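Each remark here refers to the structure printed beneath this line.
Predicted model, so just to flag it, every value in this text is computed and none were measured.
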Amino acid sequence: MDTEAQHTERDPSSDTEDGSRSARVSEDGRSTPSWRRTPSWRRTAFVGGACVAFLLLLSHFVLQPFLIPSGSMEPTLQVGDRILVNKLAYRFGNEPGRGDVVVFDGTGSFVREQPRGNPVTGLLHDGAAALGLAEPDETDFVKRVIGIGGDRVVCCDSNGRLTVNGVPVEERYVMLGDRPSSVPFDIVVPPGRLWVMGDHRSQSSDSRDHLGNPGGGMVPVDRVVGRADWIAWPFDRWSTLPGTEAFDAVPAAPAGGHGAGPHG
């Protein structure tokens, strides 16, 4: 028997088997991790999906981008600004304060309940809006808090200034050339509600425009989405929203209140 021939001849199937082994075993004998054998497009899709899911969770619970669609808050906020809304600001017992710029759902106070449209289209829009890529829902608004529960807000005094609990407020954030209000009013804010106004008073549809509606233009505190704390876009406007000292001298509402509802 030719033993030499037996040693030199090899089964072709062993080549295939060895070749497949060599594709999975590294030089030091360890197996290649399974994720390295995954096609690159699948890894990319997985990472992309994970990032989107993370951003959606972040915007739902912590920090939501919000696109400014109008000039009602000029000069503080410009059309096209993307602000970051702090959704934890009022999550642990804190409530909106005078001077805060807030985003809120105006359903029931600024707009009536609307019938639901296509759920798929609505879901896609909500996702894009949550990432700051689309305009917010028509029920979402951004305004400045002027009066909180128990406050008496009056416009205007003999010098044309708005007063809160009898104290004149120097509103330096109001658009240059605008009056505090062209509509006179004298209201008392019910507990658990807010009186809100835009900084561009002549261009803002706010609590003044809903005095005759149910709720009298007051926004329920539990409808507040969060506080606008930062301008994130465009880059040349990246900044925190400036605070205001306009209400520092305003005293707390009297314990007995001013009475309920509008006066006069």
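Partners of H210 according to the ring pair (Phe, Tyr, Trp, His ring centres under 6.0 Å) rule, which considers only residues two or more places apart in sequence or in another chain, are F110.
Residues E74 and Q203 fail the side-chain proximity criterion, which asks for heavy atoms closer than 4.5 Å. Counting only heavy atoms from C-beta outward, the side chains of F104 and V196 approach each other to under 4.5 Å. Contact of the D206 side chain with the F141 side chain is not registered, since no non-hydrogen atoms from C-beta on lie closer than 4.5 Å. Between V142 and F66, the closest side-chain pair of non-hydrogen atoms falls below 4.5 Å. Using a 4.5 Å heavy-atom threshold, the side chains of V221 and L194 count as touching. For the pair D81 and P234, the minimum side-chain heavy-atom distance is below 4.5 Å. At least one side-chain heavy atom of T244 sits less than 4.5 Å from a side-chain heavy atom of R144.
In this structure, M197 is a member of the same hydrophobic cluster as L211, with clusters built from ILVMFWY side-chain heavy atoms closer than 4.5 Å. When hydrophobic clusters are built by joining Ile, Leu, Val, Met, Phe, Trp and Tyr residues whose side-chain heavy atoms come closer than 4.5 Å, directly or via intermediates, V225 is grouped together with M73. Follow the hydrophobic side-chain contacts under 4.5 Å out from Y173 and you reach L162 in the same cluster. By the criterion of side-chain heavy atoms lying less than 4.5 angstrom apart, applied directly or through intervening Ile, Leu, Val, Met, Phe, Trp or Tyr residues, V188 is not grouped with V154; the two fall into different hydrophobic clusters. The hydrophobic clustering, which links ILVMFWY residues whose side-chain heavy atoms are closer than 4.5 Å, places L241 and M175 apart.
The structure places OG1 of T240 at 11.5 Å from CG of L84, a figure rounded to the nearest 0.5 Å. One distance of note links CZ of R91 with CG of N86; it measures 9.0 Å at 0.5 Å rounding. The distance from the CH2 atom of W195 to the CD1 atom of I148 is 15.0 Å, given to the nearest 0.5 Å. How far CD of E245 is from CZ of R172: 9.5 Å, rounded to the nearest 0.5 Å. Of the inter-residue distances, the one linking R193 atom CZ with R223 atom CZ reads 10.0 Å to the nearest 0.5 angstrom.
The two residues A253 and R98 make their nearest non-hydrogen contact at N-NH2, 4.4 Å. For P251 against V167, the heavy-atom pair with the smallest separation is CD-CG2, 3.5 Å. Between V145 and F247, the closest heavy-atom pair is O-CZ, 4.2 Å. When all heavy atoms are compared, the tightest approach of M218 to P220 is O-CD, 3.6 Å.
No more than 12 heavy-atom neighbours from other residues, nucleotides or ligands sit within 6.0 angstrom of CZ on R179.
In this structure, N159 contributes its side chain and R161 its backbone to no donor-acceptor pair below 3.5 Å.
For the pair E171 and R201, the salt-bridge criterion is met [side-chain N within less than 4.0 Å of a carboxylate O].
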Original post:
Which is it for L63 and W230 under the side chain to side chain contact (heavy atoms under 4.5 Å, CB included) test, yes or no, and what are the steps along the way?
Top reply: CA-CA 10 Å; L63 202 65; W230 301 276; 3.4 Å; yes
**OP:** Would you please test V102 and Y90 for side chain to side chain contact (heavy atoms under 4.5 Å, CB included) and show each step?
**Re:** CA-CA 11 Å; V102 299; Y90 311 122; 3.6 Å; yes
Subject >> Intermediate values then yes/no, side chain to side chain contact (heavy atoms under 4.5 Å, CB included), H200 and D178 >> reply: CA-CA 7 Å; H200 196 169; D178 273 8; 3.0 Å; yes
**OP:** Evaluate the side chain to side chain contact (heavy atoms under 4.5 Å, CB included) criterion for residues I83 and I231: first the C-alpha distance (whole Å), next the side-chain angles of each, then the deciding distance (0.1 Å), finally the verdict.
**Re:** CA-CA 4 Å; I83 59 175; I231 300 174; 4.3 Å; yes
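Residues R208 and S181 bring a donor and an acceptor atom of their side chains to less than 3.5 Å of each other. Between the side chains of D157 and T163, no donor-acceptor pair of N or O atoms lies under 3.5 Å.
A side chain to side chain donor-acceptor pair (under 3.5 Å) with K143 is found for exactly one of S207, S205, S72, namely S72.
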